[in-house]
Student: 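Got a structure here, written out as structure tokens. Questions coming.
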Amino acid sequence: MIRVAVISGKGGTGKTMITAALAHLLPKSLILADCDVDAANLGILLAPKRIWMRPFYGMKTAVIDPDLCTGCRECDIHCRFHAVGGDEKEYRVNPIRCEGCAVCVQVCPVSAIRMEPRICGEICLSSTSVGDLAHARLRPGSGNSGLLVHEVKKAAFQADKGSDLLLADGPPGTGCPLISTVTGMDIILVITEPSVSGFHDLKRVVSVARQYTRRIVLAINRFDLDESMTEEIERWCQEEGIAVIGKVPFDPAVIDAVRSRRAIMRSDSFPAAQAVQALASRLIQVAEAK
Amino acid sequence: MKIAVASGKGGTGKTMVAANLAYTVSLTGDVTLVDCDVEEPNLHLFFPSPGTVTTVTVPVPIFDEQICDHCGTCAESCQFGAITVLRDRILFFPELCHSCGGCTLACPKGAIREEPARVGQVVVSHPAPRLTLITGILDVGKPQASPVINAAKEMAKDDDLVIYDAAPGTACAVIETLDGSDTCILVTESTPFGLHDLRLAAEVADRMGIPSGVVINRSDGYDTKTFEFSAQHELPVLMTIPFDRKIAAIQNRGDLICRSEPIWQERFTDLFARCLALSGVRT
């Protein structure tokens with residue numbers, strides 16, 4: 001199986017729209033993973049039907065037993081995440097701030113603190129017309145997004161029945177969830193846009209991605225909104241040895257498709273659809289090249 | 001007064017709103033703009049200006065092999081799997097370490113001490129007469145965004161008016177940014193993606209007890225669902241910015257619409273007044 005991740009650095013460049021389109025256009029058997037776990041949107045375009053769902057437990061969270069607590073404040077003094085609050089009458093742990101390090105359990109002289117499992121979200125496997133989709137929902141305000149990405153990828157691998165390709169829709173950024181997404185990927189497709197922000201973020205995310213694979217390719221979305229910036233990005237890619245395998249024009253038909261909750265398909269002929277179809281063909285060539 | 005600009009979905013225009021709001025307000029008063037999107041900070045692109053750099057570090061354990069007898073207590077205490085103790089040596093994985101200090105406390109021999117390890121930097125600049133820009137930048141390849149966000153916010157803690165530009169999403173980095181904010185602007189776009197993620201971001205702000213309002217960006221007139229959602233959740237729609245290739249072009253080249261089209265100064269002044277009203281903070 002060839003593993004492909006779609007990432008961008010900057011958010012909103014069109015990762016999800018292009019991932020959903022590729023899922024329809026690649027002539028391969030697929031398993032899909034939505035690794036943007038804190039704002040998972042791939043399902044919106046693929047009409048998923050739930051196969052199973054299970055809770056996701058992140059790090060355990062500290063809980064103080066008020067009956068045993070003597071109010072000595074040792075936990076508060078040692079907690080580096082400022083998660084302990086309250087006063088000598090009653091100390092409490094703020095679960096949003098608690099990192100689950102258990103230092104408070106270690107320092108409590110009267111063993112009044114225990115670590116409890118906490119549900120931080122759900123992991124789902126769903127079927128779609130283009131392959132099974134592993135996805136998740138991180139409870140808003142929960143941490144552990146990198147860990148959840150890892151679990152989503154694991155769910156995809158476990159559900160896989162010999163697909164040709166894993167296609168993962170990645171998160172924006174360069175931190176924990178992004179690193180968790182690109183780990184173990186064969187090919188990384190970066191989606192950018194011709195803006196100073198898009199270009200800046202592209203450079204950063206490519207230097208992270210390079211630590212995981214040399215097979216990095218690029219597509220420029222809405223390239224015609226600033227053709228000179230597009231040229232500048234293309235020049236940079238040439239210097240860096242990154243192939244630009246697609247250029248998708250700005251096209252209101254894309255917004256219409258997203259509003260109808262559907263992906264670009266083979267039967268679509270509007271300009272952006274044609275460009276994404278060409279991108280899919282190039283991606284297959286990249287995947288099949290050794 | 002601390003205003004956070006967040007969104008859930010990426011690319012809805014958080015940075016654009018934060019930059020224009022801060023610039024407009026700085027024409028009549030002091031304002032500090034903090035880029036808390038430390039994985040991909042972009043505000044400096046709109047305000048190029050030389051700055052002073054401070055390194056951000058986190059404490060990580062250093063193991064004294066002379067004293068250590070490989071008892072394994074540190075590895076047992078570490079909840080993050082960052083330490084593995086073998087018979088004759090210790091393996092430490094800094095990317096998994098949360099700098100909690102648990103191993104140092106746990107070691108019965110006192111063989112562990114902590115040393116600072118670099119994870120990023122904070123750059124402070126003054127791009128306009130009454131505007132201070134504080135940018136948190138996570139080192140490329142480092143996973144720990146939270147310490148860099150904290151360091152950036154810390155530098156603005158004594159300032160009266162602060163605007164935080166958050167990362168996209170709803171996880172740790174966003175919570176870290178919203179913590180301590182008086183009000184939150186949720187920037188969205190009128191698509192199913194925008195609405196889905198607005199719902200999540202609104203839930204985070206609500207759970208943190210921060211009053212929020214909505215800014216609809218790139219509006220092409222099909223905003224009914226966003227208005228309905230906002231009304232149901234008692235989120236005032238603070239501003240609507242139309243989709244316009246001219247605005248996109250200004251934004252894409254790193255400029256501010258309130259600088260090139262003065263009408264936007266009035267609109268962002270109005271947005272600021274609405275944020276003040278929403279926060280309930282008296283100035």
Side-chain angles (χ1 to χ4, degrees), chain A residues 8-13 16 36-39 41 44-45 59-60 78-81 96-97 99-103 106-107 115 138 140-146 171-180 193-198 200-201 204-205 207-208 211 225-226 229 250 252 255 258-259 261, chain B residues 7-13 15 37-42 45-46 59 77-80 95 98-102 105-106 138 140-146 167-175 179 189-193 196-197 200-204 207-208 220 222 245 248-249 251-254:
Chain A
S8 67
K10 178 167 165 23
T13 59
T16 302
D36 188 1
V37 294
D38 43 326
N41 287 343
I44 291 175
L45 299 183
M59 294 301 295
K60 289 181 177 177
H78 285 92
C79 178
R80 293 194 176 164
F81 309 104
I96 286 186
R97 288 194 178 165
E99 296 261 325
C101 69
V103 162
Q106 212 187 118
V107 299
M115 300 302 290
L138 185 71
S142 299
N144 303 293
S145 52
T174 62
C176 185
L178 184 275
I179 289 170
S180 193
E193 59 174 33
S195 67
V196 287
S197 307
H200 170 270
D201 295 357
R204 275 176 66 90
V205 82
S207 48
V208 177
Q211 299 172 11
L225 286 185
D226 191 332
M229 182 67 77
F250 173 77
I255 301 164
V258 171
R259 285 210 174 114
R261 300 176 162 258
Chain B
S7 72
K9 176 167 165 29
T12 57
T15 302
D37 186 0
V38 302
E39 296 180 29
E40 292 289 19
N42 288 151
L45 300 169
F46 297 87
S77 80
C78 180
Q79 305 293 306
F80 309 105
E95 67 283 2
H98 285 225
S99 302
C100 67
L105 284 167
L138 179 66
V140 158
K142 291 280 186 336
Q144 308 97 326
S146 293
T170 58
C172 331
V174 177
I175 294 156
D179 195 19
E189 58 177 39
S190 292
T191 63
F193 294 162
H196 175 268
D197 299 348
L200 299 174
E203 200 177 323
V204 174
R207 279 181 63 180
M208 298 181 75
D220 55 3
Y222 296 96
R245 274 177 178 258
Q251 175 67 15
N252 285 355
R253 63 168 189 258

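Here the structure is a predicted model, which means the values were calculated and not measured.
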Student: Find the one option among B:G102, B:C78, B:A249 whose heavy-atom pairs under 4.5 Å with chain A are most numerous.
Tutor: B:G102

Student: Got A:S8 and A:E193 here, is their nearest side-chain heavy-atom distance under 4.5 Å?
Tutor: no

Student: Where do A:F81 and A:C101 come nearest, in terms of heavy atoms and distance?
Tutor: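 Heavy atoms of A:F81 and A:C101 come nearest at CE1-SG, 3.9 Å.
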
Student: Please give me the minimum heavy-atom distance between B:C172 and B:S146, naming the atom from each residue.
Tutor: CB-OG, 4.1 Å

Student: I need the residue from A:I96, A:L138, A:V103, A:T174 with the largest number of non-hydrogen atom pairs under 4.5 Å to chain B.
Tutor: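 Between A:I96, A:L138, A:V103, A:T174, the count favours A:T174.
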
Student: As an exercise: rank A:G146, A:G198, A:C176, A:P252 by heavy-atom pairs under 4.5 Å with chain B and give me the winner.
Tutor: A:C176

Student: Which region of B:V174, side chain (C-beta onward) or backbone (N, CA, C, O), has a non-hydrogen atom less than 4.5 Å from a non-hydrogen atom of chain A, or is it both or neither?
Tutor: neither

Student: Heavy-atom distance under 4.5 Å to chain A: side chain of B:A145, backbone, both or neither?
Tutor: neither

Student: Quick one: what part of B:I175 sits under 4.5 Å from any heavy atom of chain A, side chain, backbone, both or neither?
Tutor: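 For B:I175, side-chain heavy atoms alone lie under 4.5 Å from chain A.
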
Student: Within the side chain of B:R253, is there an N or O that forms a donor-acceptor pair under 3.5 Å with the backbone of A:M229?
Tutor: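 No; zero donor-acceptor contacts below 3.5 Å.
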
Student: Under a 4.5 Å cutoff for heavy-atom pairs, which residue among B:A201, B:A173, B:S99 has the most contacts with chain A?
Tutor: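 Highest number of heavy-atom pairs under 4.5 Å: B:S99.
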
Student: Any chance you could lay out the side-chain contact (heavy atoms from CB on, under 4.5 Å) test for A:R204 and B:E40, step after step, and finish with the verdict?
Tutor: CA-CA 8 Å; A:R204 275 176 66 90; B:E40 292 289 19; 3.4 Å; yes

Student: Identify the heavy atoms of A:K10 and A:S195 that sit nearest to each other, and give their distance.
Tutor: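 Smallest interatomic distance, heavy atoms only, reads CE-OG, 4.3 Å.
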
Student: Do the side-chain N and O atoms of B:N42 and A:D201 include a donor-acceptor pair separated by under 3.5 angstrom?
Tutor: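 Yes, A:D201 and B:N42 have a side-chain donor paired with an acceptor closer than 3.5 Å.
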
Student: Which atoms of B:Y222 come close to chain A, meaning under 4.5 Å heavy atom to heavy atom: side chain ones, backbone ones, both, or neither?
Tutor: both

Student: Taking all non-hydrogen atoms of both residues, which atom of B:A167 and which atom of B:D37 are closest, and how far apart?
Tutor: CB-OD1, 3.5 Å

Student: Less than 4.5 Å to any heavy atom of chain B: does that hold for the side chain of A:T13, its backbone, both, or neither?
Tutor: neither

Student: B:K9, B:R245, B:K142: which one forms the most heavy-atom pairs within less than 4.5 Å of chain A?
Tutor: B:R245

Student: Is B:S77 close to chain A through its backbone or its side chain, or both, or neither, when contacts mean heavy atoms under 4.5 Å?
Tutor: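 Contact with chain A: backbone and side chain both.
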
Student: Using non-hydrogen atoms only, which part of B:H196 is less than 4.5 Å away from chain A: side chain, backbone, both, or neither?
Tutor: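 When you check distances to chain A, only side chain atoms of B:H196 fall under 4.5 Å.
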
Student: Please check if any side-chain donor atom of B:D197 sits under 3.5 Å from a side-chain acceptor atom of A:N41, or the reverse.
Tutor: yes

Student: Is it the backbone or the side chain of A:V196 that comes under 4.5 Å from a heavy atom of chain B, or both, or neither?
Tutor: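 For A:V196, heavy atoms of backbone and side chain both lie under 4.5 Å from chain B.
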
Student: Do B:P192 and A:R261 have side-chain heavy atoms sitting under 4.5 Å apart?
Tutor: yes

Student: Does some side-chain heavy atom of B:D179 sit less than 4.5 Å from a side-chain heavy atom of A:R97?
Tutor: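 Heavy-atom side-chain distance check passes, below 4.5 Å.
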
Student: Specify the closest pair of heavy atoms between A:E99 and B:F80, including all atoms of both residues, with the distance to one decimal.
Tutor: O-CE2, 3.5 Å

Student: Could you look at B:L45 and say if it's the side chain, the backbone, both or neither that has a heavy atom under 4.5 Å from chain A?
Tutor: side chain

Student: Could you check which of B:P59, B:P41, B:G8, B:S7 has the highest count of heavy-atom pairs closer than 4.5 Å to chain A?
Tutor: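 Looking at each of B:P59, B:P41, B:G8, B:S7 in turn, B:P41 comes out on top.
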
Student: Given that the side chain runs from C-beta out, which part of B:T15 has a heavy atom under 4.5 Å from chain A: side chain, backbone, both or neither?
Tutor: neither

Student: Which atoms of A:V37 come close to chain B, meaning under 4.5 Å heavy atom to heavy atom: side chain ones, backbone ones, both, or neither?
Tutor: neither

Student: Under 4.5 Å heavy-atom distance to chain B, tell me which part of A:Q106 shows up: side chain, backbone, both or neither.
Tutor: side chain

Student: For A:P172, which atoms come within 4.5 Å of any heavy atom of chain B: side chain, backbone, both, or neither?
Tutor: both

